[in-house]
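Right, one structure below, let's go through it.
In what follows, every chain begins at residue 1, and chains take the letters A, B, ... in the order their sequences are listed. Computed from a predicted structure; not experimentally measured.
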Protein chains: 2
Amino acid sequence: MSTPGRGLHGRVLDTLGPAITAGEYPPGSVLRTDELAQRFEVSRSVMREAVRVLESMHLVESRRRVGVTVLPPARWNVYDPQVIRWRLAGADRPRQLRSLTVLRSAIEPVAARLAARHATPEQCAQLTECALGMVANSRGHRLQEYLVHDVAFHRVILDASGNEMFARLGDVVAEVLAGRTHHDVMFDDPDPAAVTLHVRLAEAVRAGDAARAEELTREITLGALQELDILAP
Amino acid sequence: MSTPGRGLHGRVLDTLGPAITAGEYPPGSVLRTDELAQRFEVSRSVMREAVRVLESMHLVESRRRVGVTVLPPARWNVYDPQVIRWRLAGADRPRQLRSLTVLRSAIEPVAARLAARHATPEQCAQLTECALGMVANSRGHRLQEYLVHDVAFHRVILDASGNEMFARLGDVVAEVLAGRTHHDVMFDDPDPAAVTLHVRLAEAVRAGDAARAEELTREITLGALQELDILAP
DNA sequence: GCGCCAAATAAGTCTGACTTTTTGTTCGCG
DNA sequence: CGCGAACAAAAAGTCAGACTTATTTGGCGC
């Protein structure tokens, strides 16, 4: 997924990023650029570029005469899709998934409310199409096909909200839904009630019923929270 | 604010970042590393580091034989605090401020609800202190002092939610509140009703009344939306 | 014990040579 | 005339080495 290995510095990041976000280097740890360059068998120029990227994510801080210091998690750019992917691939994946699901439960109902106001006819059609796709694949272990439509559905809602901050959470939601299907709550078939809610939501948005769209989305995200044993926030 | 000029590549970013986010280079524009290095009078190594950072923010994409291509706004990492600051400093500041305020209106009520559950006694004390500070500076053109307490108040709420994704929005809220005070809605004195809501919110969190904390925060963010002429979402 | 100076250290910068990938063009063949 | 393969050019990518600069540590003298 995404962009694996776009150059040597990318290869370095693929190893170093997950290592840092996994806590292999405790906050305050000091690394040296030259040593890292040797370890990864790349030139210092390449290593410096990698460090610059980590620095822009606030994972590390580079200071003269000191070295490259690992920053505490509280400073990390946790909204960076790359950081999210690294953390989801690591040990505290469950914790991460909970944080993101709570975030969804805050954002998506408001996004759905706005979508009911601003969705274009084309977006409404896409929504219906996605919902039908979910229904069609909701039985018979078609989890992969179901997931595709589920992800597409939520992306359209977020896009249709007309708010770019919401729209950009599409990737995050995709990661959460994919993670749920592949690793965590591996149900045989999706919850029929959830499928129905999506169909009704598509209809509510098409009808421009903002209040109902919001409420239906609250029920959907509530289900997601309950799957992770999170009591309603 | 933040970290101005952390090395040469930082100086380059301070110019190039705002230029790109301001749309001075339309999406699809192609830049060449060597040309940029000459223009900014830095070595190619430094320029490459700057480009790598822009690339990690998805502002540009670097491809062999082509050059550095500017990406469309839809691909930008709009949650990157650096990108947010660049955009708030640019021409579409009002639009940006609206997006962020809508985001606040989705996040903060849920954060307040969680804060009512998880806030430590110390956080409750901080909240009360901030609220009192707001009251004390709500009259007599003490906008600067009022702002400090207002920002601190919302930061404590977001932190106390116990959700790291919420907590990391503290900087964003700070930017929005600061922007409102300094440029946009320059009222003589803060709205007394808003001040009262903050006092009551501090009390609700202390009392552990989740529902009331959420509702009071909805009223606060509703006020913020109305100031920007955004009809309730 | 305090402050100042000097040495050590690691990041920062620059330069030039070389490699690799991709694109566009041209040439030859059907 | 059209199509495909070989070729040439362009720009990023990589590397190595020398030099600069800021910061910290520790020692020296007061």
Side-chain angles (χ1 to χ4, degrees), chain A residues 2-17 19-20 24-72 75-76 82, chain B residues 2-17 19-20 24-72 75-76 82:
Chain A
S2 82
T3 333
R6 348 76 281 197
L8 265 191
H9 89 284
R11 223 85 59 72
V12 172
L13 284 174
D14 288 341
T15 308
L16 203 47
I20 293 174
E24 284 177 34
Y25 305 92
S29 304
V30 175
L31 312 169
R32 266 162 304 135
T33 308
D34 290 19
E35 190 211 306
L36 289 171
Q38 280 185 27
R39 174 133 54 97
F40 288 101
E41 297 178 304
V42 295
S43 67
R44 279 167 315 161
S45 346
V46 168
M47 198 59 220
R48 298 188 98 272
E49 289 171 24
V51 168
R52 285 285 179 251
V53 172
L54 293 175
E55 209 175 13
S56 86
M57 298 169 172
H58 286 91
L59 261 45
V60 304
E61 194 177 52
S62 182
R63 275 169 54 203
R64 270 187 157 130
R65 168 60 213 245
V66 175
V68 178
T69 312
V70 177
L71 295 175
R75 305 253 338 244
W76 299 350
Q82 182 83 97
Chain B
S2 82
T3 334
R6 343 84 277 200
L8 265 191
H9 89 284
R11 222 85 57 75
V12 171
L13 284 175
D14 287 341
T15 307
L16 203 47
I20 293 174
E24 284 177 34
Y25 306 92
S29 305
V30 176
L31 312 170
R32 267 162 302 134
T33 309
D34 290 19
E35 190 211 305
L36 289 172
Q38 279 185 28
R39 173 132 55 96
F40 289 102
E41 298 179 302
V42 295
S43 69
R44 288 180 326 240
S45 350
V46 168
M47 198 60 221
R48 297 187 99 275
E49 289 171 24
V51 168
R52 285 284 178 252
V53 172
L54 293 175
E55 209 175 13
S56 85
M57 297 168 172
H58 286 90
L59 259 46
V60 302
E61 192 178 52
S62 180
R63 276 170 54 204
R64 269 182 157 133
R65 168 60 215 248
V66 176
V68 178
T69 312
V70 177
L71 295 175
R75 306 252 339 247
W76 299 349
Q82 181 85 96

Grab the [atom1]-[atom2] distance between [X] and [N] for me, whole Å please.
X       : N      : atom1 : atom2 : value
B:His9  : C:dC14 : NE2   : P     : 13 Å
A:Gln38 : C:dA10 : CD    : P     : 12 Å
B:Arg32 : D:dA11 : CZ    : C1'   : 9 Å
B:Glu61 : D:dG13 : CD    : P     : 11 Å
B:Arg11 : C:dC14 : CZ    : P     : 10 Å
B:Leu8  : D:dA22 : CG    : P     : 11 Å
B:Glu49 : D:dA12 : CD    : P     : 16 Å
B:Met47 : C:dT15 : CE    : C1'   : 17 Å

Which heavy atom in [X] sits nearest to a heavy atom in [Y], and how many Å separate them?
X       : Y       : result
B:Val60 : B:Val51 : CG2-O, 4.1 Å
A:Val53 : B:Ser56 : CG1-CB, 3.7 Å
A:Trp76 : A:His58 : CD1-O, 3.2 Å

Practice prompt. Give a yes/no answer on whether the side chain of B:Ser62 brings an N or O atom under 4.0 Å of OP1 or OP2 in D:dA12.
Written response: no

Discussion item. Would you say B:Arg52 places a side-chain N or O within less than 4.0 Å of OP1 or OP2 belonging to D:dG13?
Written reply: yes

Discussion item. Both B:Leu31 and B:Ser45 contact DNA chain D. Which one's nearest nucleotide lies toward the 5' end?
Written reply: B:Leu31

Discussion item. Quick check: on DNA chain D, is the nucleotide nearest B:Asp34 upstream (toward 5') of the one nearest A:Ser43, or the reverse? Name the residue that is more 5'.
Written reply: B:Asp34

Practice prompt. Flag the pair B:Glu49 and B:Arg52 as a salt bridge only when some basic side-chain nitrogen lies within less than 4.0 angstrom of an acidic carboxylate oxygen.
Written response: no

Worksheet item: Once you round to the nearest 0.5 Å, how far does CG of A:Leu16 lie from CG of A:Leu54?
Response: 5.5 Å

Worksheet entry | B:Tyr25: which of B:Val30, B:Val68, B:Ile20 passes side chain to side chain contact (heavy atoms under 4.5 Å, CB included) | B:Ile20

Discussion item. Treating primed atoms plus P, OP1 and OP2 as sugar-phosphate and everything else as base, which nucleotides of nucleotides 16-26 of chain C get B, S or - for protein heavy atoms under 4.0 Å?
Written reply: BB--BSBB---

Worksheet item: Among C:dA10, D:dC15, D:dA12, which nucleotide sits nearest the side chain of B:Arg48?
Response: D:dA12

Fill in: A:Leu8 vs A:Glu41 side-chain heavy atoms within contact, under 4.5 Å
no

